[in-house]
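Heads up, the thing below is written out as structure tokens.
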Amino acid sequence: MGNKLKAVVVGAVLGVAGAAFAQGTPTTPAAPKTESKAAKAPAAGKTEVTWWGHAAFVVKTPGGATIAIDPWLTNPKAPQGATWPEAVDAILVSHGHFDHVGETKALAQKTNAKVYGSFELVNLLGLPEAQAVGANAGGTFTVKDATIHLVEAVHSSSYQADPKGASQYAGAPLGFVIEIANGPTLYHAGDTGAFQSMALIAEQFKPTVAMLPIGGHFTMDPPQAAVATKLLKVKTVVPMHYGTFPALAGTPEALTTELKKGRATTKVLTLEPGKATRL
């Protein structure tokens with residue numbers, strides 16, 4: 001995001017005129033609560049996805065893997081009073097902008113999870129070597145019953161650890177395909193516009209559920225997301241990256257309308273922040 005827009009965004013969020021919010025430097029989170037033991041594992045044979053608002057998700061697989069994606073857990077749409085995951089195996093970070101790096105370091109420190117992202121970004125985060133898994137599009141990793149593929153995205157990526165410092169190049173932006181044994185194959189697009197190689201992602205990995213940004217301005221809007229849905233050939237689309245700030249004006253209803261125009265049968269699954277949904 002540009003500096004002027006960041007100031008506007010943060011002013012709206014914090015209610016403080018002229019407040020500056022550094023890319024890659026989220027607000028300091030309150031001490032997280034601990035989730036109950038009953039919330040640890042999904043129902044037998046099911047995958048559970050919890051949306052935290054914006055592009056942040058927590059995925060729990062039947063085999064016991066817990067995967068956090070773009071964990072800005074203190075975003076304006078995050079569920080009030082929600083507890084952080086007690087245990088996380090992997091944290092996936094699509095690119096270096098503050099609204100996607102979020103609380104990656106704090107969550108990694110709390111859970112000892114490994115962090116997967118572009119080589120440059122992971123190095124900039126200052127993580128312990130054992131937790132830093134820097135890679136690039138084409139990389140594949142296994143986390144319990146989940147196979148994670150790093151794929152391309154069309155966006156930009158910079159990271160600013162110090163609000164007073166310069167932004168640093170954070171490598172190429174990424175998306176993630178998560179193949180779950182005996183479960184769905186999820187595609188989290190990160191921040192991106194629609195691009196033709198989404199058809200290649202469909203051919204290679206055959207995702208069944210796509211988490212797509214629909215807000216516009218920085219990413220796809222609903223018409224473009226409808227095009228992406230067609231390229232991906234998915235059965236279900238989960239809208240994300242909308243409504244967090246005024247600039248992100250796309251809505252799930254608009255996406256549904258666009259899909260109907262193209263006579264698509266894809267289901268739009270609108271999630272409620274903080275509510276676990278079984279897939």
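Everything numeric here is computed off the predicted structure, so don't read it as measured data.
Considering all non-hydrogen atoms of both residues, A225 and P213 come closest at CB-O, 4.1 Å. Among all heavy-atom pairs drawn from T142 and K144, the shortest one is CG2-O, 3.6 Å. Taking all atoms of both residues into account, the shortest heavy-atom contact from L231 to A202 is O-CB, 3.5 Å. The shortest non-hydrogen separation linking P252 to T270 is CB-OG1, 3.4 Å. Scanning both residues, A146 and T61, for their nearest heavy atoms gives CB-CG2, 4.4 Å.
For the pair W84 (side chain) and A87 (backbone), a donor-acceptor distance under 3.5 Å is absent. Side chain of Q168 to main chain of L124: no donor-acceptor pair is present (N/O by atom type, distance under 3.5 Å, no hydrogens or angles). Using modelled atom types, no side-chain atom of S197 and backbone atom of L200 make a donor-acceptor pair closer than 3.5 Å. Under a 3.5 Å cut-off, the side chain of S118 and the backbone N or O of A170 do form a donor-acceptor pair. Judged by distance alone, the side chain of E258 and the main-chain N or O of P222 form no donor-acceptor pair under 3.5 Å. In this structure a side-chain-to-backbone donor-acceptor pair under 3.5 Å is missing from S94 to G175. Remark: side-chain polar atoms of N75 are paired, donor with acceptor, to backbone N or O of W52 under 3.5 angstrom. Listed for the S157 side chain is a donor-acceptor partner under 3.5 Å among the backbone atoms of G96. No donor-acceptor distance shorter than 3.5 angstrom exists from the side chain of K60 to the backbone of E48, with no hydrogens or angles considered. E120 places no side-chain N or O within 3.5 Å of a backbone atom of A172 that could act as its donor or acceptor partner.
In summary, of the residues considered (T208, I180, T236, L186), a side chain to side chain contact (heavy atoms under 4.5 Å, CB included) with L279 occurs for L186 alone.
Residues in residues 184-203 take part in these ring pair (Phe, Tyr, Trp, His ring centres under 6.0 Å) pairs, two or more places apart or across chains: F57-H188. For the ring pair (Phe, Tyr, Trp, His ring centres under 6.0 Å) condition, the pairs that include at least one residue of residues 109-153, sequence neighbours left out, are Y116-F141, H149-F205. Applying the salt bridge (charged side-chain N to carboxylate O under 4.0 Å, His left out) rule to pairs touching residues 218-245 yields nothing, sequence neighbours excluded. Residue pairs that meet the ring pair (Phe, Tyr, Trp, His ring centres under 6.0 Å) test with at least one member in residues 250-279, sequence neighbours left out, do not exist here. Residue pairs satisfying the ring pair (Phe, Tyr, Trp, His ring centres under 6.0 Å) criterion with at least one member in residues 258-278, sequence neighbours excluded, are absent.
Both V234 and I178 are assigned to one and the same hydrophobic cluster, defined by single-linkage of ILVMFWY side chains at heavy-atom distances under 4.5 Å. Cluster membership for M240 and V101, using ILVMFWY side-chain heavy atoms within less than 4.5 angstrom, is not shared. Under a hydrophobic clustering in which Ile, Leu, Val, Met, Phe, Trp and Tyr are joined whenever their side-chain heavy atoms come within less than 4.5 Å, directly or via other members, M220 and L174 fall into the same cluster. Tracing side-chain contacts under 4.5 Å through hydrophobic residues (I, L, V, M, F, W, Y), one never reaches V58 starting from V143; they form parts of separate clusters. Taking hydrophobic clusters as Ile, Leu, Val, Met, Phe, Trp and Tyr residues chained together by side-chain heavy-atom distances below 4.5 Å, V49 shares a cluster with V237.
A parallel orientation is assigned to the rings of Y242 and W51, their planes being inclined by less than 30° (bins at 30° and 60°). Classified by interplanar angle (parallel below 30°, tilted 30° to 60°, perpendicular above 60°), the ring pair H155/H95 is perpendicular. Using cut-offs of 30° and 60° on the angle between ring planes, the pair F245 and W72 is tilted.
The distance from the NZ atom of K105 to the CD atom of Q131 is 10.5 Å, given to the nearest 0.5 Å. Here E179 contributes atom CD and I148 contributes atom CD1; the two are 10.5 Å apart, rounded to the nearest 0.5 Å. Rounded to the nearest 0.5 Å, atoms OG1 (T50) and CD (E272) are 11.0 Å apart. Distance OG1/T256 to NZ/K261: 12.0 Å, rounded to 0.5 Å.
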**OP:** Evaluate the criterion side-chain contact (heavy atoms from CB on, under 4.5 Å) for residue pair V177 and I201; output intermediate values, then yes/no.
**Re:** CA-CA 9 Å; V177 174; I201 291 172; 4.0 Å; yes
**OP:** Begin with the C-alpha distance, continue with both residues' side-chain angles, and end with the deciding distance and a verdict on side-chain contact (heavy atoms from CB on, under 4.5 Å) for V209 and L269.
**Re:** CA-CA 9 Å; V209 179; L269 178 60; 5.9 Å; no
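In this structure A113 satisfies the side chain to side chain contact (heavy atoms under 4.5 Å, CB included) test together with V88, I91, T111, sequence neighbours excluded.
Residues H100 and D191 bring a donor and an acceptor atom of their side chains to less than 3.5 Å of each other.
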